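See structure below.
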2 protein chains.
Amino acid sequence: MSIKFAILVALSENPKSGYDVAKHFDQSVGFFWHARHSQVYRELGKLRDNGLAVSEEIEQSGKPNRIVFTITDSGREALLKWSREPTEPMEIKDDFLVQLYGIENIDIQGLRANLTLRLESHGDRHAQYAAKHQALENGGTLADLGHQLALEVGMRWEREWEDWCTIALERLSAKAISKLANVVPIGSKTRGNAA
Amino acid sequence: MSIKFAILVALSENPKSGYDVAKHFDQSVGFFWHARHSQVYRELGKLRDNGLAVSEEIEQSGKPNRIVFTITDSGREALLKWSREPTEPMEIKDDFLVQLYGIENIDIQGLRANLTLRLESHGDRHAQYAAKHQALENGGTLADLGHQLALEVGMRWEREWEDWCTIALERLSAKAISKLANVVPIGSKTRGNAA
DNA sequence: GCGTTCATGTAACCTGTTACATGATTCT
DNA sequence: AGAATCATGTAACAGGTTACATGAACGC
């Protein structure tokens, strides 16, 4: 329902080629709705078919030609209409939490290794969002405000993960686990083998 | 890559029918990886085909028969193997943040309405996670610890959204916006109309 | 000579959603 | 009488990923 609008938002800033949109998705709106170039080209075609964008080919010497897409009035209207409808809050969907949930049947050492990796990568992303955020500090436009607020969600998210990973590493340390009641070593559980 | 494992985790607790798994997904593991019943039945079939689970039909009087799936040793091994590989941190993917990012071309009144709705629904979810979490307070098993930690991620997530929505509503109030530099009323922007 | 960036797209596949289809029992 | 719960599934579609395919220019 929505990669369509993420692209329209990207085009609403300025006209872009498929390549541009894909690049853009690695840096800004894409933080909150990512897509690969193959999907971008497909969706741009649909936008054109539905009259929400128009394309024009720009010849370039040396490089391949660019096909630049511009949002139409109809596209802007679609954006407005979409923003008046309620959106569904995003759902958490994370492999790692599934593993935690099934902790009795998974490798705890692997879990700890994953936690350490995560701690790092959430730190990296936090820094990335923070840098983008800081660059907007002095801008006072509406667009800046929107970008700031969106980035703040990202910063909060990453910060919470960082905190949580640290705490989880402690609570899942060998020491902490050895103190638990009813510790069941991996492999000692009864296995159902119904035919 | 992973609804498969979410189902295996569910089956690793105890054997379940497709119906059970789908119900389960509305309450526990499903907080972190949801699926509809149609998908569950399809995936269960695949698990059986790959020898990760076995099924047996249980006759019931009055109600339709249940087809109960039990995880196999091979299934438990797959779970272990999976937990030793690194998982990708979840990406934020939210319509609402896309709207915020494109704030110049969307309806701010609609955005505010959405924020108010969100504030409510994140509060509801927070309460849901917190209730589940509290029910585990006195359990001291490894499984309880895993469930607690997973629920804490959910609680942090919802709490941050609640905070952020409140702040965003202030920063996006008519009053706050009127003080911004370069305010561009909707509709007054130049529109690109390249053919 | 090799890798990267620019630039386009297609094809096959996997994942996930919506809607269709059936039928008995129990609760209001 | 009507809705909800139990219980199974299929079919069609939409959304998203991976891999394939091509080709020139530029820096190392």
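Residue numbers start from 1 in every chain, and the chains themselves are labelled A, B, ... in the order their sequence lines are given, proteins ahead of strands. These numbers come from a predicted model, not from an experiment. Values below: all heavy atoms of this structure, side chains included; hydrogens, waters and symmetry mates excluded.
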Revision key, fill the gap. Exactly one candidate in A/D94, A/D95, A/D124 meets salt bridge (charged side-chain N to carboxylate O under 4.0 Å, His left out) with A/R118; the answer is A/D94
Practice item. Mind grabbing the angle between the end helix axes of the helix from C/dG1-D/dC28 to C/dT28-D/dA1? Five pairs an end, 10° rounding. Key: 40°
Check your understanding: Who pairs with A/Y129 by ring pair (Phe, Tyr, Trp, His ring centres under 6.0 Å), at least two apart in sequence or on another chain?
Key -> A/F31
Revision key, fill the gap. Rounded to whole Å, CZ of A/F25 lies from P of D/dT17 at a distance of 12 Å
**Study point:** Atom pair CD/OG of B/E158 and B/S121 - distance to nearest 0.5 Å
**Key:** 7.5 Å
Review point. How many Å lie between CD on A/E56 and P on C/dT8, as a whole number?
Key: 13 Å
Review point. Can you tell which of B/W33, B/F32, B/W82 makes a ring-ring contact (aromatic ring centres under 6.0 Å, His included) with B/F5?
Key: B/W82
Sort me out a list of protein N/O and nucleotides 5-7 of chain C N/O pairs below 3.5 Å, or just none if empty.
| from | atom 1 | to | atom 2 | distance (Å) |
| --- | --- | --- | --- | --- |
| C/dC6 | OP2 | A/Y19 | OH | 2.3 |
| C/dC6 | O5' | A/Y19 | OH | 3.3 |
| C/dA7 | OP1 | A/Q60 | OE1 | 3.4 |
| C/dA7 | OP1 | A/Q60 | NE2 | 2.9 |

Review point. To the nearest angstrom, how far is B/D49 atom CG from C/dC14 atom P?
Key: 13 Å
Point to revise | Spacing of B/I58 atom CD1 relative to D/dA7 atom P, expressed in whole Å | key: 10 Å
Review point. Do B/L145 and A/I108 sit in the same hydrophobic cluster, where Ile, Leu, Val, Met, Phe, Trp and Tyr count as joined when their side-chain heavy atoms come under 4.5 Å apart?
Key: yes
Exercise for review: Could you tell me whether A/K93 contacts a base, only the sugar-phosphate backbone, or nothing, with contacts defined as non-hydrogen atoms closer than 4.0 Å?
Suggested key: sugar-phosphate
Point to revise | Heavy atoms from other residues, nucleotides or ligands near CD of B/E85 exceed 12 (cutoff 6.0 Å) | key: yes
Practice item. Could you tell me whether the side chain of A/N114 and the main chain of B/T87 form a donor-acceptor pair under 3.5 Å? Key: yes
Practice item. Rounded to the nearest angstrom, tell me the gap between atom NZ in A/K16 and atom C1' in C/dT8. Key: 18 Å
Check your understanding: Base, sugar-phosphate, or nothing for B/K46, non-hydrogen atoms under 4.0 angstrom?
Key -> sugar-phosphate
Point to revise | Listed partners of A/T116 passing side chain to side chain contact (heavy atoms under 4.5 Å, CB included), at least two apart | key: A/L169
Review point. Do B/L100 and B/L172 have side-chain heavy atoms sitting under 4.5 Å apart?
Key: yes
Exercise for review: Go through the structure and list residues passing side chain to side chain contact (heavy atoms under 4.5 Å, CB included) with B/R159, not counting sequence neighbours.
Suggested key: A/E160, B/H126, B/R156
Practice item. Please list residues of residues 30-39 of chain B whose heavy atoms come under 4.0 Å from any atom in DNA chain D, ordered by number; otherwise none. Key: B/H37, B/S38
Check your understanding: How long is the line joining CZ of A/R48 and P of C/dT8, in whole Å?
Key -> 11 Å
Practice item. Check the distance between C/dT15's C1' and B/E91's CD and give it to me in whole angstrom. Key: 16 Å
Review point. Is the closest side-chain heavy-atom distance between B/R171 and A/Q148 below 4.5 Å?
Key: yes
Point to revise | hbond_proxy B/R42 side chain to D/dG9 base (donor-acceptor, 3.5 Å cutoff) | key: no
